[in-house]
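This report concerns only the one structure given below.
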Protein chains: 2
Amino acid sequence: MSVADEEPRRVQMLEAARQVIAERGFPGARITDVADRAGVSPALVIYYFKSKDNLLAEAMRQSEDLWYAEMSRRAAKIPTAAGRLEEVVAMTCHVSSDVVLEGSLELWLDLWAQALRDPEVRAVREESDEHFRETIRQIVRDGVATGEFSGIDEDDFAVAYTALLDGFAIQVALGDPVVGPERAFDVAMRVASQQLGFAWEPRRAPRRSSGRLPTRATS
Amino acid sequence: MSVADEEPRRVQMLEAARQVIAERGFPGARITDVADRAGVSPALVIYYFKSKDNLLAEAMRQSEDLWYAEMSRRAAKIPTAAGRLEEVVAMTCHVSSDVVLEGSLELWLDLWAQALRDPEVRAVREESDEHFRETIRQIVRDGVATGEFSGIDEDDFAVAYTALLDGFAIQVALGDPVVGPERAFDVAMRVASQQLGFAWEPRRAPRRSSGRLPTRATS
DNA sequence: CGGCATTGACTGAGCGTTCAGTCTAAGGTC
DNA sequence: GACCTTAGACTGAACGCTCAGTCAATGCCG
């Protein structure tokens with residue numbers, strides 16, 4: 001809240017930029033779009049951020065930060081390591097349709113493509129990915145400590161599992177006809193339970209609709 | 001060869017386009033670049049392909065086709081299913097530095113990002129991904145048939161394993177400081193051997209250099 | 001008044017696409 | 001064989017649009 005209060009215009013524009021990138025893609029995002037959405041003039045956008053590239057890179061960073069903040073927020077509410085892992089998987093596979101995470105997967109595709117050439121974006125991606133890995137690592141460590149998970153090299157698991165989730169994120173983001181959110185979630189959880197040695201079965205019979213998971217309260 | 005003989009200019013431009021996309025990214029690729037590299041005028045490029053979008057989409061398709069052709073070519077030479085799987089993993093993780101596959105991983109990142117909005121590119125991606133899955137599926141089926149692999153749901157495995165390899169492809173393409181080609185290859189093979197129940201150990205002590213694998217002849 | 005926020009109007013570069021042709025080779029005609 | 005016609009390959013120049021970034025001017029607040 002403090003950040004938003006101190007620099008309302010700034011975050012407003014970053015939020016607008018995030019949405020525009022999600023809609024039109026990183027290279028297709030125009031400062032006019034961002035300005036329109038934020039209800040200001042294009043010149044003001046340049047006034048705040050020096051250049052378009054800078055704006056978009058910062059928008060990417062902010063978006064990633066928000067994603068992990070949301071993840072931490074949710075994880076904090078869940079007592080078991082297996083539950084926390086499941087929540088991470090659910091977020092990555094977009095099982096629950098969630099406004100906060102709207103467009104985050106699509107953004108990742110642009111993030112990766114852009115990271116190839118743009119050093120600033122590359123830095124964002126590297127931090128973000130290491131953050132992701134560390135999150136998984138920590139969950140595994142906790143699970144091993146509490147006896148939920150049986151011994152496994154947490155580092156190798158984190159490397160492999162984040163790669164797996166990234167791969168599923170691609171399929172889900174692109175709306176692959178074979179690998180939808182439910183299947184990705186299912187397979188990912190099965191792999192995890194097998195590798196980490198904990199019991200897991202699907203919450204319910206497979207649902208057709210893309211509705212939210214009623215298991216967890218939404219408020 | 002027949003194709004190249006019939007339409008030399010066409011394939012020449014497609015090849016040029018592939019290189020330009022690999023260098024400057026899909027959105028950054030200019031028809032002038034392609035024309036320059038092919039040694040023709042920009043107008044001729046439009047003369048052959050109706051528009052820039054069409055050109056780039058076809059270049060993507062051709063690139064994917066080449067990749068799978070190369071994969072089949074290599075796989076055909078390898079007698080065991082485990083060996084074939086290893087070769088696929090090696091190609092995906094860019095363990096062997098190979099001219100034919102130059103820039104293919106980087107191209108995938110652009111392919112995914114572009115597939116989000118461009119229907120033509122999306123179609124290419126879907127075909128390509130299903131092709132990949134089917135390749136893995138078939139290798140597993142063969143391995144199970146010959147007794148190399150122990151029983152496993154080949155479909156679920158294919159879905160999960162292609163996702164894993166896609167994820168590693170991202171890391172490798174972006175030159176992640178933590179997950180390099182060797183580590184990706186190593187972890188991927190360990191996962192495969194464990195899941196499919198075959199014996200596998202690293203060919204050699206871990207190498208620092210990014211040199212090619214001397215195990216297989218390059219000719 | 002003085003500094004900050006904000007804007008509309010403008011510009012200049014970049015780039016896809018078009019067009020009016022030129023050049024070359026093949027084919028037909030006597 | 002000499003000449004004309006046709007078609008396809010190919011190009012240089014120009015058109016027109018998009019869009020990031022600039023700038024002088026205005027409003028606003030303390």
Letter per nucleotide, 5' to 3', of nucleotides 3-21 of chain C [B base touched, S only sugar-phosphate touched, - untouched; heavy atoms, 4.0 Å]: -SBBBB------SSBBB--
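The side-chain heavy atoms of Arg10(A) and Phe49(A), taken from C-beta on, include a pair separated by under 4.5 Å. Counting heavy atoms from C-beta on, the side chains of Trp67(A) and Leu107(A) never come closer than 4.5 Å.
Atoms CG and CZ, on Leu111(B) and Arg61(B) in that order, are 10.5 Å from each other to the nearest 0.5 Å. Atoms NE2 and CD1, from His131(B) and Ile136(B) in turn, are 11.0 Å apart once rounded to the nearest 0.5 Å.
Between Trp108(A) and Trp112(A), the ring-plane angle classifies as tilted under the 30° and 60° cut-offs.
With a heavy-atom cut-off of 4.0 Å to chain A, the contacted part of DNA chain D has its first and last nucleotide at dC19(D) to dC23(D).
The shortest heavy-atom contact between Asp166(A) and Ile170(B) is CB-CD1, 4.1 Å.
Residue pairs meeting the side chain to side chain donor-acceptor pair (under 3.5 Å) criterion with at least one member in residues 34-44 of chain A, sequence neighbours excluded: Gln19(A)-Arg37(A), Glu23(A)-Arg37(A).
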